[in-house]
Protein chains: 2
Amino acid sequence: MSPRSCPPAPPPAPDADPDEELAVLAAALGHPARVRILRFLLERRECFAGAIVDHLPLAQSTVSQHLKVLREAGLIRGEVDGLHICYCADGERLRRVGELLEMLAPVPAGSDR
Amino acid sequence: MSPRSCPPAPPPAPDADPDEELAVLAAALGHPARVRILRFLLERRECFAGAIVDHLPLAQSTVSQHLKVLREAGLIRGEVDGLHICYCADGERLRRVGELLEMLAPVPAGSDR
DNA sequence: ACGATATATCGTACATTTACGATGTACGAG
DNA sequence: CTCGTACATCGTAAATGTACGATATATCGT
(Lines give C-alpha, C1' and ligand atoms only; values in the text may rest on other atoms or scores of the structure.)
Protein backbone atom coordinates (compact mmCIF):
# COMPACT_ATOMS: atom_id res chain seq x y z
CA MET A 1 0.00 0.00 0.00
CA SER A 2 1.12 3.52 -0.56
CA PRO A 3 3.02 5.09 2.28
CA ARG A 4 0.48 7.82 2.71
CA SER A 5 -1.92 9.16 0.19
CA CYS A 6 -1.75 12.89 -0.13
CA PRO A 7 -4.60 15.24 0.74
CA PRO A 8 -7.41 15.50 -1.85
CA ALA A 9 -6.34 18.63 -3.73
CA PRO A 10 -5.11 22.13 -3.04
CA PRO A 11 -6.39 25.16 -4.95
CA PRO A 12 -5.97 24.42 -8.66
CA ALA A 13 -4.58 27.94 -9.13
CA PRO A 14 -6.17 28.88 -12.43
CA ASP A 15 -3.97 30.91 -14.72
CA ALA A 16 -5.56 33.54 -16.89
CA ASP A 17 -3.17 33.03 -19.78
CA PRO A 18 -2.74 29.48 -21.07
CA ASP A 19 0.61 30.36 -22.64
CA GLU A 20 1.86 31.58 -19.30
CA GLU A 21 0.44 28.53 -17.53
CA LEU A 22 2.10 26.15 -19.96
CA ALA A 23 5.39 28.03 -19.71
CA VAL A 24 5.37 27.83 -15.92
CA LEU A 25 4.62 24.11 -15.89
CA ALA A 26 7.11 23.38 -18.65
CA ALA A 27 9.80 25.35 -16.86
CA ALA A 28 9.23 23.23 -13.78
CA LEU A 29 9.72 20.13 -15.93
CA GLY A 30 12.74 21.69 -17.59
CA HIS A 31 15.42 20.10 -15.46
CA PRO A 32 16.34 16.41 -15.56
CA ALA A 33 16.58 16.16 -11.79
CA ARG A 34 12.99 17.29 -11.47
CA VAL A 35 11.78 14.87 -14.09
CA ARG A 36 13.60 12.13 -12.23
CA ILE A 37 11.96 13.15 -8.99
CA LEU A 38 8.55 12.94 -10.62
CA ARG A 39 9.32 9.56 -12.13
CA PHE A 40 10.55 8.31 -8.77
CA LEU A 41 7.37 9.44 -7.04
CA LEU A 42 5.18 7.94 -9.75
CA GLU A 43 6.94 4.60 -10.02
CA ARG A 44 7.88 3.85 -6.45
CA ARG A 45 5.79 3.42 -3.42
CA GLU A 46 8.21 5.56 -1.50
CA CYS A 47 7.58 9.22 -1.10
CA PHE A 48 9.78 10.56 1.66
CA ALA A 49 12.13 13.36 0.75
CA GLY A 50 15.06 11.43 2.14
CA ALA A 51 14.41 8.59 -0.29
CA ILE A 52 14.54 11.08 -3.13
CA VAL A 53 17.81 12.52 -1.87
CA ASP A 54 19.28 9.01 -1.70
CA HIS A 55 18.13 8.38 -5.25
CA LEU A 56 19.79 11.44 -6.79
CA PRO A 57 23.46 12.43 -6.93
CA LEU A 58 22.69 15.79 -5.39
CA ALA A 59 23.00 17.38 -1.99
CA GLN A 60 19.98 17.40 0.28
CA SER A 61 19.60 21.16 0.04
CA THR A 62 19.65 21.02 -3.75
CA VAL A 63 16.97 18.36 -3.84
CA SER A 64 14.92 20.44 -1.45
CA GLN A 65 15.15 23.34 -3.87
CA HIS A 66 13.96 21.18 -6.76
CA LEU A 67 11.09 19.94 -4.63
CA LYS A 68 10.14 23.53 -3.97
CA VAL A 69 10.05 24.31 -7.68
CA LEU A 70 7.81 21.30 -8.31
CA ARG A 71 5.64 22.23 -5.35
CA GLU A 72 5.20 25.79 -6.52
CA ALA A 73 4.18 24.58 -9.95
CA GLY A 74 1.63 22.32 -8.28
CA LEU A 75 3.20 19.20 -9.72
CA ILE A 76 3.77 17.65 -6.32
CA ARG A 77 2.22 18.02 -2.91
CA GLY A 78 3.77 17.22 0.42
CA GLU A 79 2.08 15.98 3.53
CA VAL A 80 3.80 16.09 6.86
CA ASP A 81 3.91 12.70 8.55
CA GLY A 82 5.69 13.04 11.82
CA LEU A 83 9.32 13.67 11.12
CA HIS A 84 8.99 12.88 7.43
CA ILE A 85 7.27 14.60 4.58
CA CYS A 86 5.51 12.43 2.05
CA TYR A 87 5.53 13.89 -1.43
CA CYS A 88 3.08 12.83 -4.09
CA ALA A 89 3.08 13.66 -7.75
CA ASP A 90 -0.16 15.37 -8.71
CA GLY A 91 -1.38 13.36 -11.68
CA GLU A 92 -4.06 15.89 -12.50
CA ARG A 93 -1.61 18.70 -12.76
CA LEU A 94 0.65 16.58 -14.95
CA ARG A 95 -2.28 15.77 -17.17
CA ARG A 96 -2.99 19.48 -17.33
CA VAL A 97 0.32 19.87 -19.13
CA GLY A 98 -0.78 17.36 -21.75
CA GLU A 99 -4.09 19.18 -22.00
CA LEU A 100 -2.44 22.55 -22.58
CA LEU A 101 -0.16 20.94 -25.12
CA GLU A 102 -3.12 19.42 -26.88
CA MET A 103 -4.82 22.81 -26.94
CA LEU A 104 -1.71 24.25 -28.49
CA ALA A 105 -1.21 21.58 -31.12
CA PRO A 106 -4.21 19.30 -31.55
CA VAL A 107 -3.22 15.90 -32.83
CA PRO A 108 -4.26 15.67 -36.49
CA ALA A 109 -7.42 13.68 -37.18
CA GLY A 110 -6.91 10.01 -37.91
CA SER A 111 -3.35 9.76 -36.69
CA ASP A 112 -4.05 6.50 -34.88
CA ARG A 113 -2.91 3.99 -37.44
CA MET B 1 -2.43 27.94 -48.58
CA SER B 2 0.47 27.94 -46.27
CA PRO B 3 3.27 30.32 -47.17
CA ARG B 4 5.74 27.53 -47.61
CA SER B 5 5.63 24.10 -46.18
CA CYS B 6 8.81 23.16 -44.40
CA PRO B 7 11.15 20.39 -45.50
CA PRO B 8 10.06 16.86 -44.57
CA ALA B 9 12.07 16.27 -41.40
CA PRO B 10 15.56 16.73 -40.05
CA PRO B 11 17.31 14.07 -37.99
CA PRO B 12 14.99 13.15 -35.09
CA ALA B 13 17.96 13.29 -32.71
CA PRO B 14 17.11 10.42 -30.39
CA ASP B 15 18.00 10.99 -26.77
CA ALA B 16 19.22 8.05 -24.79
CA ASP B 17 17.60 9.17 -21.56
CA PRO B 18 13.88 9.98 -21.72
CA ASP B 19 14.13 12.12 -18.59
CA GLU B 20 16.82 14.19 -20.23
CA GLU B 21 14.86 14.38 -23.47
CA LEU B 22 11.72 15.54 -21.69
CA ALA B 23 13.68 18.06 -19.66
CA VAL B 24 15.25 19.56 -22.77
CA LEU B 25 11.93 19.86 -24.57
CA ALA B 26 10.17 21.21 -21.51
CA ALA B 27 12.90 23.77 -20.94
CA ALA B 28 12.40 25.00 -24.50
CA LEU B 29 8.70 25.41 -23.74
CA GLY B 30 9.50 27.04 -20.43
CA HIS B 31 9.23 30.66 -21.51
CA PRO B 32 5.97 32.39 -22.39
CA ALA B 33 7.49 34.12 -25.41
CA ARG B 34 8.43 30.75 -26.87
CA VAL B 35 4.99 29.29 -26.26
CA ARG B 36 3.51 32.34 -27.97
CA ILE B 37 5.81 31.85 -30.93
CA LEU B 38 4.67 28.25 -31.27
CA ARG B 39 1.03 29.24 -30.99
CA PHE B 40 1.52 31.94 -33.58
CA LEU B 41 3.10 29.50 -36.01
CA LEU B 42 0.42 26.90 -35.40
CA GLU B 43 -2.56 29.22 -35.65
CA ARG B 44 -1.56 31.59 -38.38
CA ARG B 45 -0.68 31.01 -41.93
CA GLU B 46 2.24 33.35 -41.56
CA CYS B 47 5.63 32.02 -40.75
CA PHE B 48 8.18 34.70 -41.47
CA ALA B 49 10.41 35.69 -38.61
CA GLY B 50 9.50 39.34 -39.11
CA ALA B 51 5.82 38.54 -38.51
CA ILE B 52 6.76 36.92 -35.22
CA VAL B 53 8.82 39.94 -34.22
CA ASP B 54 5.86 42.21 -35.01
CA HIS B 55 3.64 39.99 -32.91
CA LEU B 56 5.75 40.09 -29.76
CA PRO B 57 6.81 43.04 -27.60
CA LEU B 58 10.45 42.07 -27.91
CA ALA B 59 13.43 43.23 -29.89
CA GLN B 60 14.28 41.43 -33.10
CA SER B 61 17.48 40.04 -31.66
CA THR B 62 15.65 38.66 -28.65
CA VAL B 63 13.07 36.94 -30.80
CA SER B 64 15.87 35.51 -32.89
CA GLN B 65 17.37 34.02 -29.74
CA HIS B 66 14.08 32.43 -28.77
CA LEU B 67 13.76 31.02 -32.27
CA LYS B 68 17.19 29.52 -31.86
CA VAL B 69 16.20 27.79 -28.62
CA LEU B 70 13.10 26.34 -30.26
CA ARG B 71 15.12 25.32 -33.30
CA GLU B 72 17.75 23.56 -31.21
CA ALA B 73 15.04 21.65 -29.36
CA GLY B 74 13.65 20.61 -32.75
CA LEU B 75 10.31 22.25 -32.06
CA ILE B 76 10.52 24.46 -35.12
CA ARG B 77 12.31 24.32 -38.44
CA GLY B 78 13.20 27.18 -40.69
CA GLU B 79 13.43 27.22 -44.44
CA VAL B 80 15.11 30.03 -46.27
CA ASP B 81 12.83 31.63 -48.85
CA GLY B 82 14.71 34.39 -50.53
CA LEU B 83 15.19 37.17 -48.06
CA HIS B 84 12.80 35.65 -45.55
CA ILE B 85 12.92 32.58 -43.41
CA CYS B 86 9.77 30.58 -43.02
CA TYR B 87 9.50 28.85 -39.67
CA CYS B 88 7.20 25.92 -39.05
CA ALA B 89 6.28 24.32 -35.80
CA ASP B 90 7.17 20.65 -35.86
CA GLY B 91 3.96 18.93 -34.80
CA GLU B 92 5.68 15.59 -34.42
CA ARG B 93 8.19 16.96 -32.00
CA LEU B 94 5.44 18.65 -30.00
CA ARG B 95 3.54 15.40 -29.90
CA ARG B 96 6.72 13.75 -28.67
CA VAL B 97 6.44 15.90 -25.56
CA GLY B 98 2.96 14.55 -24.93
CA GLU B 99 4.26 11.08 -25.54
CA LEU B 100 7.08 11.44 -23.03
CA LEU B 101 4.62 12.90 -20.57
CA GLU B 102 2.29 9.98 -21.09
CA MET B 103 5.16 7.57 -20.53
CA LEU B 104 5.90 9.37 -17.29
CA ALA B 105 2.36 9.49 -15.98
CA PRO B 106 -0.05 7.25 -17.88
CA VAL B 107 -3.59 8.50 -17.70
CA PRO B 108 -5.50 6.22 -15.31
CA ALA B 109 -7.78 3.67 -16.97
CA GLY B 110 -11.35 4.80 -17.51
CA SER B 111 -10.78 8.47 -16.87
CA ASP B 112 -12.94 9.47 -19.82
CA ARG B 113 -16.21 10.21 -18.13
C1' DA C 1 28.42 47.09 -57.62
C1' DC C 2 25.22 49.43 -54.31
C1' DG C 3 21.66 50.04 -51.19
C1' DA C 4 17.77 48.24 -48.76
C1' DT C 5 15.78 44.46 -46.26
C1' DA C 6 15.56 40.23 -43.31
C1' DT C 7 17.66 37.61 -40.12
C1' DA C 8 21.60 35.96 -37.23
C1' DT C 9 25.22 36.76 -34.13
C1' DC C 10 28.06 39.51 -30.93
C1' DG C 11 28.90 42.02 -26.80
C1' DT C 12 27.12 43.17 -22.68
C1' DA C 13 24.27 43.96 -18.51
C1' DC C 14 21.22 42.13 -15.37
C1' DA C 15 18.28 38.41 -13.47
C1' DT C 16 17.57 33.73 -12.55
C1' DT C 17 18.95 29.01 -11.80
C1' DT C 18 21.73 25.54 -9.92
C1' DA C 19 24.69 23.76 -6.75
C1' DC C 20 26.84 23.43 -2.21
C1' DG C 21 27.71 23.73 2.88
C1' DA C 22 25.99 25.82 6.96
C1' DT C 23 22.34 26.86 9.70
C1' DG C 24 17.46 26.97 11.23
C1' DT C 25 13.14 24.61 12.57
C1' DA C 26 10.06 21.14 13.99
C1' DC C 27 9.25 16.70 15.66
C1' DG C 28 9.88 12.34 18.23
C1' DA C 29 12.58 9.53 21.43
C1' DG C 30 14.56 9.12 25.66
C1' DC D 1 14.56 19.34 28.45
C1' DT D 2 18.03 17.63 25.42
C1' DC D 3 19.51 15.04 21.47
C1' DG D 4 19.15 13.19 17.01
C1' DT D 5 16.58 13.03 12.68
C1' DA D 6 14.30 15.07 8.58
C1' DC D 7 13.60 18.69 6.06
C1' DA D 8 13.71 23.81 4.81
C1' DT D 9 16.06 27.99 4.33
C1' DC D 10 20.12 31.04 3.97
C1' DG D 11 24.32 32.67 1.96
C1' DT D 12 27.05 32.37 -1.82
C1' DA D 13 29.56 31.17 -6.13
C1' DA D 14 29.34 29.76 -10.76
C1' DA D 15 26.62 28.93 -14.72
C1' DT D 16 22.84 29.92 -17.59
C1' DG D 17 19.03 32.72 -19.39
C1' DT D 18 16.98 37.01 -20.99
C1' DA D 19 17.06 41.25 -23.04
C1' DC D 20 18.96 45.00 -25.71
C1' DG D 21 21.59 47.67 -29.30
C1' DA D 22 25.17 47.16 -32.57
C1' DT D 23 27.05 44.71 -36.08
C1' DA D 24 27.57 40.94 -39.49
C1' DT D 25 25.71 38.20 -43.31
C1' DA D 26 23.00 37.08 -47.09
C1' DT D 27 19.67 38.15 -50.60
C1' DC D 28 17.05 40.94 -53.66
C1' DG D 29 16.21 44.96 -56.60
C1' DT D 30 18.19 48.40 -59.22
Side-chain angles (χ1 to χ4, degrees), chain A residues 3-4 6-7 10 19-20 22-38 40-41 44 46-73 75-89, chain B residues 3-4 6-7 10 19-20 22-38 40-41 44 46-73 75-89:
Chain A
R4 255 191 110 68
C6 284
D19 289 350
E20 184 72 30
L22 177 53
V24 166
L25 286 166
L29 291 170
H31 192 290
R34 291 195 288 269
V35 176
R36 270 173 222 129
I37 290 173
L38 284 174
F40 181 85
L41 292 178
R44 311 263 184 139
E46 300 175 83
C47 67
F48 299 124
I52 300 170
V53 172
D54 293 344
H55 189 248
L56 295 176
L58 294 171
Q60 178 264 327
S61 59
T62 303
V63 172
S64 194
Q65 270 184 168
H66 284 304
L67 289 171
K68 183 179 188 174
V69 172
L70 289 169
R71 220 186 313 123
E72 286 177 344
L75 288 168
I76 62 175
R77 296 193 297 279
E79 192 185 8
V80 174
D81 176 27
L83 247 193
H84 301 257
I85 296 191
C86 175
Y87 280 104
C88 309
Chain B
R4 255 191 110 70
C6 284
D19 289 350
E20 185 70 29
L22 177 52
V24 166
L25 285 166
L29 290 171
H31 192 292
R34 290 194 287 270
V35 176
R36 271 173 220 128
I37 289 173
L38 284 173
F40 181 85
L41 293 178
R44 311 260 185 141
E46 301 175 83
C47 68
F48 298 123
I52 300 170
V53 172
D54 292 344
H55 189 247
L56 296 175
L58 294 171
Q60 178 266 326
S61 58
T62 304
V63 172
S64 193
Q65 271 183 168
H66 284 305
L67 289 170
K68 184 179 187 173
V69 172
L70 289 169
R71 220 186 312 125
E72 286 177 346
L75 289 168
I76 62 174
R77 297 195 296 280
E79 192 185 7
V80 175
D81 176 26
L83 246 192
H84 302 256
I85 296 190
C86 176
Y87 280 104
C88 311

Could you run down nucleotides 3-18 of chain D 5' to 3' and tag each one B, S or - for protein heavy-atom contact under 4.0 Å?
-> --BSBBB--------S
[X] [atom1] - [N] [atom2] separation (whole Å):
X	N	atom1	atom2	answer
Ile37(A)	dA19(C)	CD1	C1'	13 Å
Arg36(A)	dT18(C)	CZ	P	13 Å
Leu58(A)	dT17(C)	CG	P	17 Å

If you round to the nearest 0.5 Å, how far is CG of Leu70(A) from CZ of Arg77(A)?
-> 13.0 Å
Distance col, row His31(B):NE2 vs Ile37(B):CD1, nearest 0.5 angstrom, shows 9.5 Å
Assess the cysteine pair Cys88(B) / Cys47(B): is their SG-SG separation shorter than 2.5 Å?
-> no
Any Arg36(B) side-chain heavy atom under 4.5 Å of Glu20(A) side chain = yes
Are side-chain heavy atoms of Leu41(A) and Ile52(A) found at a separation under 4.5 Å?
-> yes
